[in-house]
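Have a look at the structure below before the remarks.
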Amino acid sequence: MFKLFQGFHLVDAYHNMRLEQWFHPNRIIKKIIEAVIVAVLTLLVWNAPSSVFGIEGLTVIQQRIIAIFVFAALMWILEVVPSWATSVAIMVIMLLFTSDSGIKWMCNTEEVGALLSHKAIMATFAEPTVMLFIGGFILAIAAAKTGLDAYLAKSLLTLFGTKSENLLLGFLLITALFSMFVSNTATAAMMLTFLTPVFKQLPPEGKGRIALALAIPVAANLGGMGTPIGTPPNTIALKYLNDPEGLNLGLGFGQWMMFMTPLVVCLLLFSWVLLKKLFPFSQKNITLHIDGELKKGAHTYIVIVTFLVTVALWLLDRVTGINSYTVALIPFFVFALTGVINRRDLEEINWSVIWMVAGGFALGYGFNGSGLAERAVASIPFGNFSPILVLLLSGIICYLLSNFISNSATAALMTPILVVVCAAMGDKLDIIGGTPTVLLGLAISASSAMILPISTPPNALAYSTNLVNQQSMAKVGIIVGIVSLLLGYGLLYLIGTLHLL
C-alpha cells in the first residue's frame, strides 16, 4: 500500500520500524504471554455456566458470541497481533462455531440454539459501507498515478502567499481537505515531504518548524471527520445509523458533510491559532518550492472529470436518489474500463483496513443475528441508565482507548454494545438527541485522539521525522482533542435536540 503516493519512503520507514519492534525478542515473549492470557480468559467465558451472565434464556451460541467479543476486545486492546488479523480471526471463529456451516458436532441446533447464517457473516466483507471505502481508495490511487494529488496540493498552497503564518494555515486546511477523501496516512506522508524545501529556509533553532510538522498530523486526524470515508470509525457509525433493520436514518454523504465540515473548519482555525502561539515563527516569510507536475494525457482528464462527478453525486445524493455506496463504485467502473487503473493497482487498496472494518461488522451481526442483543435488552436494566452518563462515558472511553489502540478497533468494539444500550434506553435518549448523538460522538472521539506517536499513523509519521518530540505532540494533542470533544458533542447535541437528523 502507498507505493504510488509521494512520501512513500516515510510510510515504508515507519512500517519497517514497527516490524523491528514487533519481532524484538522481548516483545515476542510478551506477546506470547498476552496470547495465553487472552486464550484462557476467552475459554473461561466460553465454558462458564450461563447463569453467571445474568441474561435470561441465554443460548450456547449467544454465550459463544460473548466469548468472541471478549477475545476481540482483549486482542485489539493488547495488540497481540495486528488489528486486521484479529478481525479475520473473529470471522473464522464465528463461521466454525456459531454458523450453519460450522463444525457439525459443535453446531447442533437442538443443543446450542439458533445458528448464524454463514452467508451473512461472509457478507460483512461486502457491506455497502465497505464499498464506500473501496471507492475512496480507488479515487486516491487514480489521483496519485496521474500526479493530481501533488499538483493540487502545490497549487492550493501557493494561494496562501509567502507569510509563514498563512502558509501554516494552508498546510492545515489542505491536509484536512485531502484527508476527507484520501487515506490520512497517505495524505500525511505526501504533505510531510512538501515540508522539506520549506525547512531549508527556516532557522534550525526556530519553533516554526515544530508548528509546521505538527500541523500535518493534527489536520490529517481532524480532516477525517469531514466525510463518511474520511476514517474507518465514520463508516462504522454510518453503517449502524443507516441499517435498514436498525435506525434506518438514510444519512447521506452530503448530510454528513453539511454538519461535520463546519466543525472541522472551526477546529482547524483553533489549531492554527494554538500552533502559532505555542510555536511562533522567527522568520516571517517563506518562499514555497514544491515539485509535482500533472501528467499529461487522456487518463488525467478522465480522473479529474470522474473525481468532480463523484463528489457532486455524493453531495447531491438526496436529489439524484443514488446513495453514496453506489456512487463510490462509479470511479471504480470508469477507471477500470478506461485503463486508468489495472490489476496491480488493486494491490494499493488498503485491504487491512477493510478487513478490520468487516470484522467489526461481523461482531455486530453476531450480537443481532444470534438474538443476544434482544435478550440483553430484556434482561439488563439499561433503561435505568442516565443518558448524559452514557454519552459522556462512551465518548471518554473511546477517546482514551483510541489514543493507545487503533481507532478503528475501538469503534468496532464499542459501537455494537452502544447500539444495544441505546435501543434499550429508547425515548430516554431524546434529551441528548437520541442514538445518533451517541454513535456520531464515537466517531468524533476516535478522530480527536492524537496525544501519542502511536495514537494515529499521521502522528507516527510526523514523530519519525525527528522534527517534533513527544512532549510537544502530547501538549497539542491534549488541547486540540479536548476542544474537539467539546465542540463536537455540542454540535451533536444541537443537531439532536433540533431534530435535524
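Note that these values count all heavy atoms, side chains included, but never hydrogens, waters or copies made by symmetry. Each residue takes its place number in the sequence, starting with 1.
Looking at S472 and N469, their side chains do bring a donor and an acceptor atom within 3.5 Å of each other. There is a side-chain donor-acceptor pair under 3.5 Å between T456 and N221. At a cut-off of 3.5 Å, with distance as the only test, no side-chain donor of N234 or T231 sits close to an acceptor on the other residue.
Taking the side chain to side chain donor-acceptor pair (under 3.5 Å) definition, one finds that N242 meets it with Y325, sequence neighbours left out.
With hydrogens and angles disregarded, no donor-acceptor distance shorter than 3.5 Å links the side chain of T326 to the backbone of I322. Here the side chain of T437 pairs a donor or acceptor atom with the backbone of I432 at under 3.5 angstrom. Remark: side-chain polar atoms of S179 are not paired, donor with acceptor, to backbone N or O of G223 under 3.5 angstrom. Between the side chain of W84 and the backbone N or O of W355 there is no donor-acceptor pair closer than 3.5 Å. At least one donor-acceptor pair closer than 3.5 Å links the side chain of S394 to the backbone N or O of L391. At distances below 3.5 Å, not a single donor-acceptor pair connects side-chain atoms of S406 with backbone N or O atoms of S402. Looking at T187, its side chain never comes within 3.5 Å of a backbone N or O of N184 through a donor-acceptor pair. Between the side chain of N368 and the backbone N or O of G364 there is at least one donor-acceptor pair closer than 3.5 Å. Side-chain atoms of H299 do not come within 3.5 Å of backbone N or O of A142 as any donor-acceptor pair. With T235 contributing its side chain and P232 its backbone, the two residues share a donor-acceptor pair below 3.5 Å.
Taking the ring axis of F281 as reference, the NZ or CZ atom of K207 does not stay both within 45° of it and closer than 6.0 Å to the ring centre.
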Subject >> ring pair (Phe, Tyr, Trp, His ring centres under 6.0 Å) assessment of Y493 paired with Y489 >> reply: CA-CA 6 Å; Y493 178 78; Y489 274 91; over 10 Å; no

**OP:** Begin from the C-alpha positions of D243 and N248 and carry the test side chain to side chain donor-acceptor pair (under 3.5 Å) through to its verdict.
**Re:** CA-CA 5 Å; D243 187 352; N248 196 26; over 6 Å; no

**OP:** Could you walk me through whether N342 and D345 pass side chain to side chain contact (heavy atoms under 4.5 Å, CB included), step by step?
**Re:** CA-CA 5 Å; N342 53 48; D345 294 328; 3.4 Å; yes

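At least one side-chain heavy atom of F133 sits under 4.5 Å from a side-chain heavy atom of V353. Between S448 and M225 the shortest side-chain heavy-atom distance falls below 4.5 Å. At a threshold of 4.5 Å between non-hydrogen side-chain atoms, the residues W272 and N166 count as touching. The closest side-chain heavy-atom distance from L222 to M450 is below 4.5 Å. Looking at V476 and F279, their side chains come closer than 4.5 Å, going by heavy atoms from C-beta outward. Proximity of S99 to M94: side-chain heavy atoms (C-beta onward) are nowhere separated by under 4.5 Å. Looking only at side-chain heavy atoms (C-beta outward), T162 and L167 stay at 4.5 Å or farther from each other. Taking 4.5 Å as the limit, every side-chain heavy atom of F160 sits out of range of all side-chain heavy atoms of F171.
Rounded to the nearest 0.5 angstrom, M356 CE and I90 CD1 are separated by 7.0 Å. One finds the CG atom of N407 at 11.0 Å from the CG atom of L442 (value rounded to the nearest 0.5 Å). Atom CH2 of W76 is separated from atom OG of S87 by 4.5 Å, given to the nearest 0.5 angstrom. We find the CG-OH distance between L156 and Y151 to be 10.0 Å, quoted to the nearest 0.5 Å.
Here Y365 and F361 keep their ring centres 6.0 angstrom or further from each other.
Under the salt bridge (Lys or Arg N to Asp or Glu O under 4.0 Å) criterion, no residue pair touches residues 211-226, with sequence neighbours excluded.
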In a table with atom names and distances, give each donor-acceptor pair under 3.5 Å that connects a side chain of residues 257-266 to protein atoms at least two apart or in another chain.
from	atom 1	to	atom 2	distance (Å)
T261	OG1	M257	O	2.8

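Checked against K239 for a side chain to side chain contact (heavy atoms under 4.5 Å, CB included), the options T129, T415, V357 give a single hit: T129.
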